[in-house]
Amino acid sequence: MPSPIFISETMAYDHKKIEKKWQDYWVENKVFRAVDNFDLPKYYVLDMFPYPSGAGLHVGHPLGYIATDIIARYKRHKGFNVLHPMGWDAFGLPAEQYAIKTGTHPSVTTKNNIDNFRRQIKMLGFSYDWDREINTTDAKYVKWTQWIFLQLYKKGLAYESEVPVNWCPELKAVLANEEVVDGKSEIGGHPVFRLPMRQWMLRITDYAKSLLEGLDDLDWPDSIKELQRNWIGRSEGANVHFELPSINEKLTVFTTRPDTLFGATYMVMAPEHPLVNRLVSAEQKIAVKQYVEDASKKSDLDRTELNKEKSGVYLGAKAINPVNGKEIPIWISDYVIMSYGTGAIMAVPGQDQRDWDFAKEFDLPIIRTVEPPEDFEGEAYFGEGPAINSDFLNGLNIADAKSKIISWLEKKGLGEKATQFKLRDWLFSRQRYWGEPIPVIHNNGATTPLDESELPLELPEVEKYEPAGTGESPLSNITEWVEVKDETGNILGLRETNTMPQWAGSCWYYLRYIDPGNSDKSWDGAKEKYWMPVDLYVGGAEHAVLHLLYARFWHHVLYDLGHVSTKEPFQKLFNQGMILGQDGSKMSKSRGNVVNPDETVDTFGADSMRLYEMFMGPLDKAKPWSTTGLQGCSRFVNKLWNIMVTDSGNISVKITNDPPTKETARMLHSMIKRVSVNLDNLQFNTCVSEFMIFTNHIQTLITINNDVLKSFIILINPFMPHMAEELWQLSGQENELTFQKWPTFDELLIKADTMKLAVQINGKRRSEIEVDINTVEKEIFETAKSADKISNHLKNKIILKEIYVKGRLVNIVVK
RNA sequence: GCCGCGGUGGUGGAAUUGGUAGACACGCUGGUUUUAGGAACCAGUAUCGCAAGAUGUGAAGGUUCGAGUCCUUUCCGCGGCACCA
């Protein structure tokens, strides 16, 4: 960004010198250290810690950090003991891919990137307690990540399974469901295929109910709660058992519409269903085998892209519909998926569009069991209506029919009420080097967890970081690490060579900040009880169903095991929006619209950048960067400086002990009120406007009262701490600014002596009157009626009603 | 298709939650100052109109004394999910 710097005639605020001065001061005096003083009210304000990439920060990254820093500083002024930490989510694929290319150990890359990120973050003057900095790749941290894994393992929540996984040949790794988007990898957009592989899984499905119900009491954006609810995907319905006469077994299906059972005219099983081979008839054997093979070759992308046309094959077997004893044919089709419900459905084409499409394709019978309205022209009907063709359910609405059929099924032992979740177990292993080793030893098909005393299990040095390509991690090549031997050299077992996914470290880092140096325990119980939960958590919405769901899962487990005192980790969540490039599109290297914070801070200073990012608009909205907008904020910063400070660097002679005018006092108290309320609501942009309005006012003053100035400095300190500290010092204050009490406002002082009231005729503004604040209503109406332009509007009209909205307006309703 | 969020000047956005729409800033126009450019300061800036005045928060209806705000229908944009039975 070529920004020519011109020397102005007024003394410019020397941001470089002053920012360095106070940043050094804060570090040397450990001003922002959080002390474990349990008597003080606490406030835990947390940022989603970054993955330190090689590219460094662009101006969008620190947006949330600026907001949390403002809140942290605000809460300190409000008397809270504030915990505000920062750390690094440092395991991950980019460092490993760089290692494959260059041979540089990922720990070296990671260290360099962290150093750069730390430098960039520090230049913005954030009030982090750097004594609590953590790094997920640090052996002292990995130890406790592995320790938590062992707790999950011991509780039976970690298991190995040969499951069809999302295999990405390009990344040479398997991915979690949450990491696959539209059949492609979330990172890089490479195709993903379904392959069976041995994998570690975490039983997050055991916590589906708990995770769903826990959302209710959280102060989170509705959109994120809704996203998680959808992802967990609770469905209420029934399991229904269908008799399979040919093999004398039962086939259970899950349905949300048991009321439509009389309309079930055929059944469909997933091609992978275990009963397929036993049910298939001799005549259909070849066709079925072919279909099953074709289905297994399809990638996720194929399956979604082909979702328009239904395919399938008749199994040559029948099932008995339990409500009427009718024989119905069983088909297989890939529109039924094995991993949801029981992998088989009862098809009710009359009430389900997918079943309708399939029935039309293969000429299967359709029976409506809910009467559609007369003008209904669609195909399957899923609206409300009376039951038809359904024997004892006829005439009932859907809800009544459901409960009646469920109790009928339960009484006869043919089915029962059931709840299903979409959520699947969490695929927890990765075929990568740069992750936490899973602390487990294999021996003859059995697995043994490491003893806690053997933790941390550290990564061995390797020569090649390239994965084997067969789905095995680079660790599998390190024989001396993999083979666990006793003193005499006998092999006792083989180490697990898969590592944990990047999410592992971020699942509990907020707990480690509470007690980062503890080498005996993951964290101290008393400290955890004091600091938790996180009072405010700010980060990007892209983590809605990944990090935020996984972390909640671990936390729920830790709660059940008695390791944490709160059921939920993050009480209030806020998502910062994206900062777009000047052109309105997403900032990216390829578009060439990336704004670098190093240059911005160098040219305009940290305070200007902080102020501008807050001024741009609401924190949660996406908004484009504007260099002229930034210049506007920089202009404001300099203007404020020049009002307060002389060219020779002393506090202005305007600052005196003369009492403020009524107007100045009114504006100060109004500002205190609005800034306080807006900060409580995380509305930072309007706080900045308030500062501008007040500054525009004091610019016109001949003298500025010293106490007014003091209050103003405290108000701006969260936003522009460097200048605030300097002004605080220049104005002769000696106490630590950080802990000054937040000013309070006096409602009486905010009121002016007179008020301006709009005068409306039939709700339209026609005039304005100014009256004394104590004027009684009757007098106000009289004044209003005689006001400029109003008498004209009242000519030849009948006044029906007179409305006075206190302090705002008068409305005269006429006819 | 389903779920969630949004649509206000030339631009980013305000609006005490039903009460004077456009705060604050950017940009633009004119002025002061300056050798000039820049900076700083002053004034103006929703639209139409010389004016009086009229119109105006994606569109159309409705509730109300009064609607950017509430209700209905509809269009557009963004995010998420997607054969989940």
Side-chain angles (χ1 to χ4, degrees), chain A residues 4-10 12 181-182 221-231 233-235 237 253-257 260 268 303-304 306-308 310 333-337 339-348 351-355 357-358 420-424 541-542 544-545 575 584 612 615-618 620-633 635-636 638-639 642 673-674 677 683 685-693 695-696 699 756-768 789 800-814:
Chain A
I5 306 163
F6 299 99
I7 294 147
S8 76
E9 282 151 18
T10 43
V181 179
D182 291 337
D222 287 339
S223 58
I224 300 291
K225 286 206 215 181
E226 215 40 46
L227 243 45
Q228 290 214 353
R229 285 194 187 106
N230 291 342
W231 191 263
R234 182 190 170 100
S235 292
V253 301
F254 172 75
T255 175
T256 55
R257 294 295 301 275
T260 64
V268 187
R303 277 182 102 144
T304 39
L306 296 173
N307 69 11
K308 286 277 176 260
K310 293 279 180 285
S333 171
D334 63 4
Y335 86 92
V336 172
I337 48 183
S339 48
Y340 185 74
T342 61
I345 61 155
M346 60 179 221
V348 189
Q351 267 72 233
D352 185 292
Q353 190 59 41
R354 296 156 301 179
D355 297 344
D357 294 342
F358 191 84
Q420 270 293 331
F421 294 94
K422 265 201 296 195
L423 187 69
R424 317 281 166 77
E542 67 273 18
V545 289
N575 297 121
Y612 172 60
F615 186 58
M616 288 172 84
D620 56 344
K621 296 283 180 312
K623 53 240 157 191
W625 184 262
S626 152
T627 302
T628 49
L630 169 64
Q631 281 165 350
C633 284
R635 214 173 287 158
F636 165 75
N638 278 296
K639 184 198 243 181
N642 286 320
K673 180 181 179 180
R674 290 191 178 174
V677 170
Q683 291 165 327
N685 53 332
T686 46
C687 292
V688 179
S689 323
E690 290 298 321
F691 300 150
M692 289 173 170
I693 292 168
T695 302
N696 288 343
Q699 189 177 24
K756 280 182 185 164
L757 300 175
V759 183
Q760 299 182 333
I761 302 290
N762 292 341
K764 284 215 162 100
R765 184 180 181 277
R766 300 294 180 185
S767 186
E768 189 179 78
K789 297 168 194 168
L800 299 176
K801 208 170 173 186
E802 290 170 339
I803 295 155
Y804 172 53
V805 181
K806 201 154 183 274
R808 305 233 147 253
L809 54 81
V810 174
N811 188 12
I812 302 168
V813 186
V814 299

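On a predicted model such as this, the values are computed, not experimentally measured, just so you know. When reading the values below, keep in mind they use all heavy atoms of this one structure, side chains included, and skip hydrogens, waters and symmetry mates. So you know, we letter chains A, B, ... as the sequences are listed, proteins then strands, and number each from 1.
The distance from atom NZ of Lys806(A) to atom P of rC65(B) is 24 Å, rounded to the nearest whole Å. One can place OH of Tyr612(A) at 14 Å from C1' of rC24(B), the figure rounded to the nearest angstrom. For the pair Tyr804(A) OH and rG19(B) C1', the computed distance is 12 Å after rounding to whole Å. Atom OH of Tyr340(A) and atom P of rA82(B) are 13 Å apart (whole Å). For Ile761(A) and rC65(B), the CD1 to C1' distance is 11 Å, given to the nearest whole Å. rU20(B) atom C1' lies 11 Å from atom NZ of Lys756(A), rounded to whole Å. Counting to the nearest Å, the P atom of rG6(B) and the CG atom of Asp620(A) are 9 Å from each other. The CG atom of Asn638(A) sits 15 Å away from the P atom of rA25(B) (whole-angstrom rounding).
Nucleotide rG6(B) is matched to rC76(B) when pairs are restricted to Watson-Crick or G-U wobble geometry with both distances under 3.5 angstrom. rU34(B): no Watson-Crick or G-U partner with both key distances under 3.5 Å is found in any strand. Summarising the base pairing, rG44(B) is matched to rC28(B) through a Watson-Crick or G-U wobble pair whose two defining distances lie under 3.5 Å.
Candidate nucleotides rA23(B), rG19(B), rA40(B) were compared by shortest atom distance to the side chain of Arg635(A), and rA40(B) ranks first. Of the candidate nucleotides rU20(B), rC65(B), rC26(B), rC65(B) has the atom nearest to the side chain of Ile803(A). When distances run from any side-chain atom of Lys801(A) to the nucleotides rG19(B), rC81(B), rC65(B), the shortest one goes to rC65(B). If you check rC81(B), rU55(B), rU20(B) against the side chain of Leu809(A), the one that comes closest is rU20(B). Here rA25(B) is the nucleotide among rC81(B), rA85(B), rA25(B) with the atom lying nearest to any side-chain atom of Asn696(A). The side chain of Ser626(A) lies closest to rC26(B) when the candidates are rC24(B), rC26(B), rC83(B).
Below the 3.5 angstrom threshold, one finds a donor paired with an acceptor across the side chain of Lys310(A) and the base of rC83(B).
With both ends at atom C1', the span from rU57(B) to rA21(B) equals 8 Å, rounded to whole Å. Taking the C1' atom of each, rC26(B) and rC71(B) are spaced 37 Å apart, rounded to whole Å. When the P atom is compared between rA36(B) and rA52(B), the two are found 39 Å apart, to the nearest whole Å. rG58(B) and rA14(B) are spaced 15 Å apart, taking the P atom of each and rounding to whole Å. Rounded to a whole angstrom, the distance from the C1' atom of rU11(B) to that of rG61(B) is 32 Å. The C1' atoms of rG13(B) and rA23(B) are separated by 10 Å, rounded to the nearest whole Å. Nucleotides rG10(B) and rC78(B) place their C1' atoms 23 Å apart, quoted to the nearest Å. Spacing of P atoms, rG38(B) relative to rU47(B), comes out at 25 Å, to the nearest Å.
Qualifying ring pair (Phe, Tyr, Trp, His ring centres under 6.0 Å) partners for Phe254(A), counting only residues two or more places apart in sequence or in other chains: none. Not a single salt bridge (charged side-chain N to carboxylate O under 4.0 Å, His left out) links Arg766(A) to another residue, sequence neighbours left out. A search for salt bridge (charged side-chain N to carboxylate O under 4.0 Å, His left out) contacts involving Arg234(A) returns Glu236(A), not counting sequence neighbours. In this view, Phe421(A) satisfies the ring pair (Phe, Tyr, Trp, His ring centres under 6.0 Å) rule with no residue, not counting sequence neighbours. In this structure, the side-chain contact (heavy atoms from CB on, under 4.5 Å) partners of Asn685(A), at least two apart in sequence or on a different chain, are Pro618(A), Gln683(A). Scanning for side-chain hydrogen bond (donor to acceptor under 3.5 Å, both in side chains) contacts around Gln351(A) gives Thr369(A), with sequence neighbours left out. In this structure Lys673(A) satisfies the salt bridge (charged side-chain N to carboxylate O under 4.0 Å, His left out) test together with Glu747(A), sequence neighbours excluded. The side-chain hydrogen bond (donor to acceptor under 3.5 Å, both in side chains) search around Arg635(A) returns none, not counting sequence neighbours. In this structure, the salt bridge (charged side-chain N to carboxylate O under 4.0 Å, His left out) partners of Arg674(A), at least two apart in sequence or on a different chain, are Glu690(A).
Nearest-nucleotide positions on RNA chain B place Val688(A) closer to the 5' end than the other of Val688(A) and Gly763(A). The residue among Ser235(A) and Ser689(A) whose nearest nucleotide of RNA chain B is located toward the 5' end is Ser689(A).
Note on Ser339(A): nothing from the nucleic acid sits closer than 4.0 angstrom, heavy atoms only. Nucleic acid contact for Asn811(A): base, since at least one base atom lies under 4.0 Å from a heavy atom of the residue. As judged by a 4.0 angstrom heavy-atom cut-off over every strand, Gly233(A) is placed among residues making no nucleic acid contact. Looking at heavy-atom distances under 4.0 Å, Gln420(A) makes no contact with the nucleic acid at all. If you check every strand for non-hydrogen atoms under 4.0 Å, Glu802(A) touches nothing.
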Quick test: give all pairs of protein nitrogen or oxygen and nucleotides 1-4 of chain B nitrogen or oxygen below 3.5 Å, distance rounded to 0.1 Å.
none

Give each protein N/O atom lying under 3.5 Å from an N/O atom of nucleotides 10-15 of chain B, with the pair distance.
unit_1  : atom_1 : unit_2    : atom_2 : d
rG12(B) : O2'    : Met616(A) : O      : 2.6
rG13(B) : O3'    : Asn685(A) : ND2    : 3.3
rA14(B) : OP1    : Asn685(A) : ND2    : 2.9
rA14(B) : O5'    : Asn685(A) : ND2    : 3.4

Atom pairs, N/O to N/O, protein against nucleotides 52-54 of chain B, distance under 3.5 Å?
unit_1  : atom_1 : unit_2    : atom_2 : d
rA54(B) : OP1    : Arg766(A) : NH1    : 2.9
rA54(B) : OP2    : Arg766(A) : NH1    : 3.1

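Syn is the glycosidic conformation of rG9(B), whose angle stays within 90° of 0.
Checking side-chain atoms of Arg424(A) against main-chain N and O of Lys422(A) turns up a donor-acceptor pair under 3.5 Å. Between the Tyr612(A) side chain and the Trp625(A) main chain, no donor and acceptor come within less than 3.5 Å of each other. Looking at Asn642(A), its side chain does come within 3.5 Å of a backbone N or O of Asn638(A) through a donor-acceptor pair.
Seen from the ring of Phe358(A), Lys310(A) does not count as a face-on cation partner, given the 6.0 Å and 45° thresholds.
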